[in-house]
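Here it is: the structure, laid out below.
A note on names: the letters A, B, ... follow the listed sequences, proteins ahead of strands, and every chain is numbered from 1.
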Number of protein chains: 2
Amino acid sequence: MERVFSIGKLATASGSKVETIRYYESIGLLPEPERNAGNQRRYTARHYDRLTFILHARDLGLSTEAVRQLIDLSQHPDMPCRDADEIARRQLDDVRQRIARLKLLEAELERTLSSCSHGTIAECKVIEALAQCGACERHHRPPR
Amino acid sequence: MERVFSIGKLATASGSKVETIRYYESIGLLPEPERNAGNQRRYTARHYDRLTFILHARDLGLSTEAVRQLIDLSQHPDMPCRDADEIARRQLDDVRQRIARLKLLEAELERTLSSCSHGTIAECKVIEALAQCGACERHHRPPR
DNA sequence: ATAATTCCTGTAGTCACTATAGGTTCAAGC
DNA sequence: GCTTGAACCTATAGTGACTACAGGAATTAT
């Protein structure tokens, strides 16, 4: 007598949304659940576990593709875990790069804002700063 | 006689792509340029300036909508610059939140990886960590 | 029994591009 | 002047990861 529950309950229990759950099913991340007599989805604890796995991985910034790989891996329990490790490691590199980049942006925005003269738009440093180059990394040159 | 140049030159000069330039025109961020006899776009320095403005703002993480607002603002030079300032300030808040969030993820991924036993998938801490809660902020409860 | 809520499918919309197809125009070399 | 290849044109579809809607059917609450 396994406890089953509706898609709405699964959504609130997991902190996600009904539409998101159906979406994960549609792209094959969540297995299709049983249906009741009225064609409504009935989920079990296994679905809940799989869903929280997906949600946690997504929260950590993994793509659905990476999640799919991890799920595939986890279904071959006797493989070496190097592959799963590798996925997490790549993700960590990525997160660190995003942090570094955002810190540059933060500094640039701070600089931009601190120089705001609170005059009119014509002398607004925010717009000026964006029109010029500042600490920009984009490799471009004015067309002379 | 104003120097004019093709979409390809504008792309390389600005460090963007031909398709992106046409896209910005299509959503009304870049004004429609003149065309030559053969219907090809001919750009001037003013287009280059506008484009770098857009690209810098996008690099800083502003949405195209925010860029649109800034452009609108810059066309009313006698308005107070408070509005432009406000847009940049909101963006700074946002950047700081993203940094804070990513740092949590970084710590979580580090924790996850440092405990990897390099055994088989069955005992892989990466997958285990994602299946459980850890430092997760998602407010959910298992369905008992 | 009726009303309100939840569920169903299918489709379209979002954001900010990117890619493709099928054609036209331009620029360089001969 | 001609040919060839690169660059350009429009229009449409695809991406990722959902979100929103329309129009119904089922369930739950009163």
What contact category does A:R35 fall into here, base, sugar-phosphate, or nothing, at under 4.0 angstrom with non-hydrogen atoms? sugar-phosphate

Are any side-chain N or O atoms of A:T12 and backbone N or O atoms of A:G8, one a donor and one an acceptor, separated by less than 3.5 Å? yes

Is it true that A:D85 and A:R89 have a side-chain N and a carboxylate O under 4.0 angstrom from each other? yes

Going by side chain to side chain donor-acceptor pair (under 3.5 Å), name the residues that satisfy it together with B:R68, two or more places apart in sequence or in a different chain. B:E65

Below 4.5 Å, heavy atoms only, C-beta onward: do A:I7 and A:Q40 meet side chain to side chain? no

Starting at CD1 of B:I54 and ending at C1' of C:dC17, how long is that distance when rounded to a whole Å? 14 Å

Tightest non-hydrogen contact, residues B:F5 and B:A45, listed as CE2-N, 4.3 Å

Nearest nucleotide by nearest heavy atom, which residue falls closer to the 5' end of DNA chain C, B:N36 or B:R58? B:R58

For A:Y43 and C:dC8, what is the distance between atoms OH and C1' respectively, to the nearest whole Å? 12 Å

Please give the angle, rounded to 10 degrees, between the axes at the start and the end of the helix from C:dA1-D:dT30 to C:dC30-D:dG1, where five pairs define each axis. 10°

Once you round it to whole Å, what is the distance between P of C:dC26 and NZ of B:K9? 15 Å

A:R41 has its side chain closest, among C:dC8, C:dC7, C:dA16, to C:dC8

Restricting to pairs with a member in residues 36-49 of chain A, which pass salt bridge (Lys or Arg N to Asp or Glu O under 4.0 Å), not counting sequence neighbours? A:E2-A:R46, A:E25-A:R41

Go nucleotide by nucleotide along DNA chain C from the 5' end; which of B:N39 and B:L62 gets its closest nucleotide reached first? B:L62

By nearest heavy atom, map A:A37 and A:K17 onto DNA chain D; which one lands nearer the 5' end? A:K17

So, does B:T20 use its side chain to make a donor-acceptor pair with the main chain of B:S16 at under 3.5 Å? no

Does A:A100 offer a backbone N or O that forms a donor-acceptor pair with the side chain of A:R96 under 3.5 Å? no

Would you name the heavy atoms of B:P31 and B:R50 that are closest together and state the gap between them? CD-NH1, 3.8 Å

B:Q40 CD to C:dG23 P: how many Å, rounded? 18 Å

Would you say CD of B:E86 has more than 12 non-hydrogen atoms from neighbouring residues, nucleotides or ligands within 6.0 angstrom? yes

Looking at DNA chain C, which of residues 19-29 of chain B put a heavy atom within less than 4.0 Å of it? B:T20, B:Y23, B:Y24

5'-most to 3'-most nt of DNA chain D touching chain A (<4.0 Å, heavy-atom partner on protein side) reads D:dA17 to D:dT27

Under the side chain to side chain contact (heavy atoms under 4.5 Å, CB included) test, which residues partner A:F53, sequence neighbours left out? A:V67, A:L70, A:I71, B:I127, B:L130, B:A131

